[in-house]
Visitor: 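Provided herewith is a single structure, encoded as structure tokens, for subsequent inquiry.
Computed from a prediction, not measured in an experiment: that's the story for all the values here. Positions are given from 1 along the sequence.
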Amino acid sequence: MDPKKSLCLPSLLLPLLMLLLPQADTRSFVVDRDHDSFLLDGVPFRYVSGSLHYFRVPRVLWADRLFKMRMSGLNAIQFYVPWNYHEPEPGVYNFNGSRDLIAFLNEATIADLLVILRPGPYICAEWEMGGLPSWLLRKPSIHLRTSDPADNMTKIFALQRKYEPRGPLVNSEYYTGWLDYWGQNHSTRSIPSVTQGLKNMLKLGASVNMYMFHGGTNFGYWNGADEKGHFLPITTSYDYDAPISEAGDPTPKLFALRNVISQFQEVPLGPLPPPSRKMMLGPLTLHMDGNLLNFLYFLCPKGPIHSILPMTFEAVKQDRGFMLYRTYLTRTIFEPTQFWVPNNGIHDRGYVMVDGVFQGVLERNMKYKLFLTGKVGAKLDVLLENMGRLSFGSNHSDFKGLLEPPILGQRILTQWLMFPLKVDKLVKWWFPLQLLKRSRPQTPSGPTFYSTTFKILDSGGDTFLFLPGWTKGQVWINGFNLGRYWTKWGPQQTLYVPRPLLLPRGALNKITLLELENVPSPPQIQFLDSPILNSTSHKTYIYSLAADTQSTSEPMELSGH
């Protein structure tokens with residue numbers, strides 16, 4: 001459907017109803033409370049399901065992932081529908097391409113998988129703002145949701161029986177692994193603990209959904225964040241230590257779970273497909289296209305918004321990505337003078353420049369001040385990066401940008417220009433080659449674009465982009481926003497590059513980086529044939545769920561789904 005055409009909810013549901021109607025007279029699903037079971041078409045039924053998020057997997061790979069889930073012994077899948085993925089503006093809906101929900105349901109049908117649909121409106125899922133659209137925050141006084149704390153499976157089942165003495169037992173989210181935060185280690189959960197927990201529940205006759213069975217990737221700017229004492233943005237990889245890896249490959253955990261499932265119900269005959277072909281390439285040397293400030297009026301063609309005090313992303317309708325704040329010094333600052341934003345008012349990272357020279361970073365909950373000098377009339381620029389809105393917790397209105405006016409010395413800085421930046425459009429459409437050649441500076445300073453082209457001589461394969469020595473930024477391949485990298489912090493060191501994003505057999509591919517801080521010398525990248533997801537000095541979260549109890553050392557309270 002046309003993403004610019006406003007539709008009402010009934011018209012959106014009509015195609016789904018039409019899809020279901022032909023089978024409505026022959027199919028049935030009933031909760032049989034007298035026998036503590038589900039009835040599917042009149043027959044006792046137990047589902048063994050896995051979570052997969054269509055919005056974290058390229059559309060051309062949906063069928064592959066669903067087939068592997070079915071071959072693992074699952075008879076159902078569970079997934080969310082993110083409101084913000086389908087209604088980018090009030091009354092504007094998008095169900096095209098990778099957002100084609102009906103097409104995904106059809107793929108699940110072809111794979112012989114039933115569907116447990118969780119439409120929201122709130123989903124958490126470590127997704128940007130928990131699936132709620134950021135345009136809700138254009139009303140500054142809005143009050144968002146409440147929360148309900150979780151517990152271990154024994155207590156949950158006991159609580160279920162207290163309020164529902166009869167009926168089937170269900171665990172809707174049995175964790176196969178866990179999520180990752182930037183700056184912490186890759187989370188894992190051991191195969192014995194996952195398989196034993198599943199076996200115990202299946203012995204009880206429970207229906208189970210495994211979260212996640214295939215995690216996928218937070219492409220673009222879609223990752224969410226948690227807050228537990230400080231701001232915790234989620235990594236680009238959503239591998240989750242799941243049975244099917246981020247690249248779609250079966251893992252030893254999958255085969256162990258398949259073995260458990262086979263003890264309780266039939267699994268499809270035949271082997272699972274082998275891992276996909278992987279590709280190595282490089283190192284490749286990137287060329288500097290120019291500092292971000294050189295492209296400011298291409299990044300913001302409508303020009304800046306003027307305000308006495310800085311405005312938030314939401315106030316100027318900038319949903320994600322980056323916005324530049326600019327003001328001018330009204331007096332000369334001879335001695336290094338403190339520049340800071342009160343009340344933790346940097347959401348989330350600010351890259352500070354004076355007359356185009358990079359001064360350093362201000363960061364939410366982490367770094368509150370810099371010391372600046374400058375002449376009267378000097379440009380003071382702060383590039384604000386939205387690192388993803390909070391996806392978990394009660395009433396978190398996670399506004400982005402400069403939430404308070406910055407202070408230099410004892411003076412509140414006023415008279416701001418806000419440039420909402422269309423970085424993706426610049427990378428994809430507006431980078432004329434002659435402009436890039438003409439505008440290259442001699443030395444980089446702060447946020448800078450780099451790019452190169454490369455060829456794949458054969459049919460190619462999946463690969464993993466490795467950025468050794470780079471600091472932090474965003475990557476595009478052939479105009480597709482691959483996501484954030486933060487090599488300096490980790491744990492994720494490589495970005496998954498699905499084969500369909502690459503042009504094979506001698507065609508020219510282009511990679512573009514927006515490096516926000518510092519680059520290695522020489523500025524090189526590589527494509528590897530395996531991922532590096534665990535490279536920090538921090539302690540790894542390892543989950544050990546003995547039988548049906550949850551270890552007290554597991555930080556599962558940090559998030560929910």
Visitor: Given side chains that start at C-beta, do those of D226 and Y181 come closer than 4.5 Å, heavy atoms only?
Guide: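 Answer yes - side chains close enough.
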Visitor: Is there a donor-acceptor contact under 3.5 Å linking the side chains of Y85 and S98?
Guide: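 Yes, side-chain donor-acceptor contact under 3.5 Å.
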Visitor: Report yes if some heavy atom in the side chain of L61 is under 4.5 Å from a heavy atom in the side chain of P500; otherwise report no.
Guide: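 L61 vs P500: side chains touch.
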Visitor: Under a 4.5 Å cut-off applied to non-hydrogen side-chain atoms, are V57 and H214 in contact?
Guide: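 Yes, side chains in contact.
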Visitor: Measure across P531 and T494 and return the closest heavy-atom pair with its distance rounded to 0.1 Å.
Guide: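 P531 and T494 have their closest heavy atoms at CA-OG1, 3.4 Å.
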Visitor: Could I get the full list of side-chain contact (heavy atoms from CB on, under 4.5 Å) partners for L457, not counting sequence neighbours?
Guide: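 Checked L457 against side-chain contact (heavy atoms from CB on, under 4.5 Å); zero matches.
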Visitor: Between W486 and W470, does the ring pair (Phe, Tyr, Trp, His ring centres under 6.0 Å) criterion hold? Intermediate values first, please.
Guide: CA-CA 8 Å; W486 202 346; W470 296 76; over 10 Å; no
Visitor: Tell me every residue that passes side-chain contact (heavy atoms from CB on, under 4.5 Å) with D34, counting only those two or more places apart in sequence or in another chain.
Guide: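 For D34 the side-chain contact (heavy atoms from CB on, under 4.5 Å) partners, ignoring immediate neighbours, are D32.
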Visitor: Could you tell me the separation between the CD atom of Q78 and the CG atom of L117, rounded to the nearest 0.5 Å?
Guide: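 Separation between the atoms: 9.5 Å.
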Visitor: What's the spacing between N218 CG and S237 OG if we round to 0.5 Å?
Guide: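 Output value for this atom pair is 8.0 Å.
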Visitor: Relative to the ring of Y54, is the ring of W62 parallel (under 30°), tilted (30 to 60°) or perpendicular (over 60°)?
Guide: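 Because their plane-to-plane angle is over 60°, the rings of W62 and Y54 count as perpendicular.
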Visitor: With a 4.0 Å cut-off, would you call D241 and K253 a salt bridge?
Guide: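 Yes, charged N to carboxylate O under 4.0 Å.
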Visitor: Does the side chain of H86 pick up a donor-acceptor pair with the side chain of R99 at under 3.5 Å?
Guide: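 No - no donor-acceptor pair under 3.5 Å links their side chains.
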Visitor: May I ask you to say whether E385 pairs ionically with K472, meaning some side-chain N is under 4.0 Å from a carboxylate O?
Guide: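 Salt bridge: yes.
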Visitor: Does H53 form a side chain to side chain contact (heavy atoms under 4.5 Å, CB included) with M212? I'd like the steps, not just the answer.
Guide: CA-CA 9 Å; H53 297 155; M212 298 289 299; 3.5 Å; yes
Visitor: Using the side chain to side chain donor-acceptor pair (under 3.5 Å) rule, pick out the option among T236, T235, N223 that qualifies with R484.
Guide: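 For R484, the side chain to side chain donor-acceptor pair (under 3.5 Å) test succeeds with only one of T236, T235, N223, which is N223.
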Visitor: Would you call the rings of F527 and F454 parallel, tilted or perpendicular, taking 30° and 60° as the class edges?
Guide: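 Ring orientation of F527 relative to F454: tilted.
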Visitor: Should the pair K428-D424 be classified as a salt bridge under the 4.0 Å nitrogen-to-oxygen rule?
Guide: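 Salt bridge: no.
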Visitor: Do V48 and Q265 make a side-chain contact, defined as non-hydrogen atoms from C-beta onward lying under 4.5 Å apart?
Guide: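 V48 reaches Q265 side chain to side chain.
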Visitor: As an exercise, state the distance from CD of E266 to CD1 of I261, rounded to the nearest 0.5 Å.
Guide: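 E266 atom CD to I261 atom CD1 measures 13.5 Å (nearest 0.5 Å).
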Visitor: Testing the basics here: between E87 and P133, what is the closest heavy-atom pair and its distance to 0.1 Å?
Guide: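 Heavy atoms of E87 and P133 come nearest at O-CB, 4.2 Å.
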Visitor: Out of curiosity, Q526 CD to F464 CZ, how far, rounded to the nearest 0.5 Å?
Guide: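 Here the interatomic distance stands at 14.5 Å.
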Visitor: To the nearest 0.5 Å, how far apart are CG in N509 and CG in L503?
Guide: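 CG of L503 is found 4.5 Å from CG of N509.
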Visitor: Any side-chain to backbone donor/acceptor pair from R189 onto S193? Under 3.5 Å, distance only.
Guide: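 Side chain of R189 to backbone of S193, a donor-acceptor pair under 3.5 Å: yes, one is there.
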Visitor: Going by side chain to side chain contact (heavy atoms under 4.5 Å, CB included), S49 matches just one of I116, V208, V115, L74. Which one?
Guide: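 The passing option is I116.
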Visitor: Could you go through D319 and Y221, starting from their C-alpha distance and side-chain angles, then the distance that decides it, and tell me whether this counts as side chain to side chain contact (heavy atoms under 4.5 Å, CB included)?
Guide: CA-CA 10 Å; D319 293 316; Y221 310 109; over 6 Å; no
Visitor: Can you see which heavy atom on G183 is nearest to which on P491, and at what distance?
Guide: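 So the minimum-distance heavy-atom pair works out to N-CD, 4.0 Å.
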Visitor: Begin with the C-alpha distance, continue with both residues' side-chain angles, and end with the deciding distance and a verdict on salt bridge (Lys or Arg N to Asp or Glu O under 4.0 Å) for R56 and D239.
Guide: CA-CA 10 Å; R56 285 186 163 117; D239 178 84; over 6 Å; no
Visitor: Does the side chain of L467 reach to within under 4.5 Å of the side chain of Q493, using non-hydrogen atoms?
Guide: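 Not touching, per the 4.5 Å side-chain cut-off.
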Visitor: Is the shortest side-chain N to carboxylate O distance from R277 to D529 below 4.0 Å?
Guide: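 D529 and R277: not salt-bridged.
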Visitor: Side chains of N75 and L114, heavy atoms from C-beta outward: is any pair under 4.5 Å?
Guide: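 SC-SC contact between N75 and L114 ruled out.
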Visitor: Can you list the steps and then say if Q196 with N200 is a side chain to side chain donor-acceptor pair (under 3.5 Å)?
Guide: CA-CA 6 Å; Q196 188 60 51; N200 291 344; 2.9 Å; yes
Visitor: Look only at the side chain of S37 and the backbone of R33, and say whether a donor-acceptor pair between them is shorter than 3.5 Å.
Guide: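 No.
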Visitor: Please name the pair of heavy atoms, one in V194 and one in T176, separated by the smallest distance, quoted to 0.1 Å.
Guide: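 So the minimum-distance heavy-atom pair works out to CG2-O, 3.7 Å.
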Visitor: Between the side chains of Y174 and N209, is a donor N or O closer than 3.5 angstrom to an acceptor N or O?
Guide: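 No - no donor-acceptor pair under 3.5 Å links their side chains.
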Visitor: What I want to find out is whether K278 reaches D249 closely enough, with some N-O distance under 4.0 Å, to be called a salt bridge.
Guide: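 Judged by the 4.0 Å cut-off on N to carboxylate O distance, K278 and D249 do form a salt bridge.
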Visitor: Could you check whether the rings of F45 and F29 sit parallel, tilted or perpendicular, using 30° and 60° as the cut-offs?
Guide: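 F45 vs F29 ring planes: perpendicular.
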Visitor: Determine whether M366 and F231 satisfy the following criterion, side chain to side chain contact (heavy atoms under 4.5 Å, CB included), listing intermediate values before the conclusion.
Guide: CA-CA 9 Å; M366 300 289 285; F231 183 65; over 6 Å; no
Visitor: Please step through side chain to side chain contact (heavy atoms under 4.5 Å, CB included) for the pair N365 and E227, ending with a clear verdict.
Guide: CA-CA 10 Å; N365 298 125; E227 188 159 24; 3.8 Å; yes
Visitor: Within a strict 4.5 Å, meaning less than it, do heavy atoms of the W476 and L514 side chains meet?
Guide: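 They are in side-chain contact.
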Visitor: Say you draw a straight line from CG of N259 to CD of Q263; how long is it, rounded to the nearest 0.5 Å?
Guide: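 These two atoms lie 5.5 Å from each other.
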Visitor: Pair F79, F55 - check ring pair (Phe, Tyr, Trp, His ring centres under 6.0 Å), show working.
Guide: CA-CA 10 Å; F79 65 89; F55 43 90; 8.4 Å; no
Visitor: Does NZ or CZ of R320 fall inside the cone over W222's six-membered ring, less than 6.0 Å from its centre and within 45° of the axis?
Guide: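 Yes, a cation-pi geometry holds between R320 and W222.
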Visitor: Does A225 offer a backbone N or O that forms a donor-acceptor pair with the side chain of S391 under 3.5 Å?
Guide: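 Yes, because the side chain of S391 sits within donor-acceptor range (under 3.5 Å) of the backbone of A225.
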Visitor: Kindly determine whether D462 and R499 satisfy salt bridge (Lys or Arg N to Asp or Glu O under 4.0 Å), including the steps that lead there.
Guide: CA-CA 4 Å; D462 288 346; R499 177 180 176 178; over 6 Å; no
Visitor: Would you mind checking if R505 and D458 are paired as a salt bridge, meaning a charged N to carboxylate O distance below 4.0 Å?
Guide: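 Here D458 does not pair with R505 in a salt bridge, since their nearest N and O are not under 4.0 Å apart.
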Visitor: Between L137 and S397, which heavy-atom pair has the shortest distance, and what is it?
Guide: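 Heavy atoms only, the tightest pair is CD2-CB, 3.8 Å.
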Visitor: With the threshold set at 4.0 Å, does a side-chain nitrogen-carboxylate oxygen contact exist between R118 and E173?
Guide: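 E173 and R118: salt-bridged.
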Visitor: Which atom names give the shortest non-hydrogen contact between A108 and I77, and what distance separates them?
Guide: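 So the minimum-distance heavy-atom pair works out to CB-CD1, 4.0 Å.
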Visitor: Please check if atom CZ in F67 has more than 12 non-hydrogen atoms from other residues, nucleotides or ligands closer than 6.0 Å.
Guide: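 Atom CZ in F67 is not packed in, count stays at 12 or less.
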Visitor: When you compare the side chain of W127 with that of N84, does any pair of heavy atoms fall below 4.5 Å?
Guide: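 Yes. Closest side-chain heavy atoms under 4.5 Å.
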Visitor: Between K400 and D348 (salt bridge meaning N to carboxylate O under 4.0 Å), is one present in this structure?
Guide: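 D348 and K400: salt-bridged.
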Visitor: Going by atom types alone, do Y238 and E246 pair a side-chain donor with an acceptor below 3.5 Å?
Guide: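 The answer is no; no qualifying pair exists.
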Visitor: With a 4.0 Å cut-off on N to O distance, would you call R166 and D36 a salt bridge?
Guide: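 Salt bridge between R166 and D36, a charged N being under 4.0 Å from a carboxylate O: yes.
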